[in-house]
Amino acid sequence: DAKTTQPPSMDCAEGRAANLPCNHSTISGNEYVYWYRQIHSQGPQYIIHGLKNNETNEMASLIITEDRKSSTLILPHATLRDTAVYYCIGGSGDKLTFGTGTRLAVRP
Amino acid sequence: DTAVSQTPKYLVTQMGNDKSIKCEQNLGHDTMYWYKQDSKKFLKIMFSYNNKELIINETVPNRFSPKSPDKAHLNLHINSLELGDSAVYFCASSQSGQGNYGYTFGSGTRLTVV
């Protein structure tokens with residue numbers, strides 16, 4: 001699995017976009033970028049994943065750079081319920097290796 | 001209906017005891033996992049089963065023995081419990097294949113060994 005680097009913590013104001021960066025410079029051509037989050041000791045929750053193209057679903061958008069060495073998860077209108085630890089994972093999907101993630105605090 | 005359910009949710013036991021945690025998924029997935037999250041919040045994979053066959057065993061002490069009676073169930077039995085086994089254990093499932101749509105995790109079993 002690719003090694004990923006994320007800032008340990010971030011914050012944003014409620015209602016604003018939260019942009020969470022991730023570096024994965026060692027990702028190989030067939031490895032996906034996955035994003036999960038964990039809200040206060042609940043089970044991790046899948047958010048989105050992508051290979052090369054940008055992706056969007058009902059939860060978030062994923063922007064992957066053309067060289068695939070980094071990506072950004074965008075929560076377009078953050079709410080207090082989005083306060084969580086966000087994990088960026090590079091891999092093929094057969095084994096997810098979680099790092100330390102980014103602790104996002106959404107403030108009122 | 002809960003997609004991935006674990007029982008029990010909380011488990012407090014004494015050192016040296018043997019205990020089991022059960023996991024069931026109703027998503028029709030063919031792969032199931034056990035993860036351990038310690039007090040520092042690191043999530044580490046322990047085991048992975050695909051269609052009842054052990055795929056991943058990540059240097060876990062042999063006191064931990066997973067059992068998969070069918071592809072919808074993956075149980076974890078722990079012998080001779082130690083203080084260091086205290087953690088939250090998460091079960092997860094997924095459908096194998098490149099770029100699958102992610103894992104679904106259960107809500108966790110908080111194990112406390114005293």
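Computation of the quantities below employed the complete heavy-atom set of this structure, encompassing side-chain atoms and omitting hydrogens, waters and symmetry-equivalent molecules. Note that the coordinates shown come from a computational prediction; the quantities given were computed from them, not determined experimentally.
- No side-chain N or O of B:Gln6 forms a donor-acceptor pair with one of B:Glu24 less than 3.5 Å apart.
- Between B:Arg63 and B:Asp85, at least one side-chain N (NZ, or NE/NH1/NH2) sits under 4.0 Å from a carboxylate O, which counts as a salt bridge.
- The neighbour count for A:Arg16 CZ, taken as heavy atoms of other residues, nucleotides or ligands under 6.0 Å away, does not exceed 12.
- Only the side chain of B:Ile45 comes within contact range of chain A, judged by heavy atoms closer than 4.5 Å.
- Sorted by first then second residue, the ring-ring contact (aromatic ring centres under 6.0 Å, His included) pairs that include residues 36-71 of chain B, not counting sequence neighbours, number zero.
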>> For a side chain to side chain contact (heavy atoms under 4.5 Å, CB included) check, start with the C-alpha distance between B:Tyr103 and B:Tyr35, then their side-chain angles and the critical distance, and finish with the verdict.
In response: CA-CA 12 Å; B:Tyr103 293 14; B:Tyr35 277 79; 3.6 Å; yes
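- With a 4.5 Å cut-off on non-hydrogen atoms, B:Lys41 touches chain A through its backbone and its side chain both.
- A:Asp82 and A:Arg37 are joined by a salt bridge, as a carboxylate oxygen and a charged side-chain nitrogen come within less than 4.0 angstrom of each other.
- The part of B:Ser107 that comes within reach of chain A is its backbone (N, CA, C, O), which places non-hydrogen atoms under 4.5 angstrom from that chain.
- Using modelled atom types, one finds no donor on one side chain facing an acceptor on the other under 3.5 Å when comparing A:Thr100 with A:Tyr87.
- Annotation: residues 72-80 of chain B contacts chain A through no residue [non-hydrogen atoms, separation under 4.5 Å].
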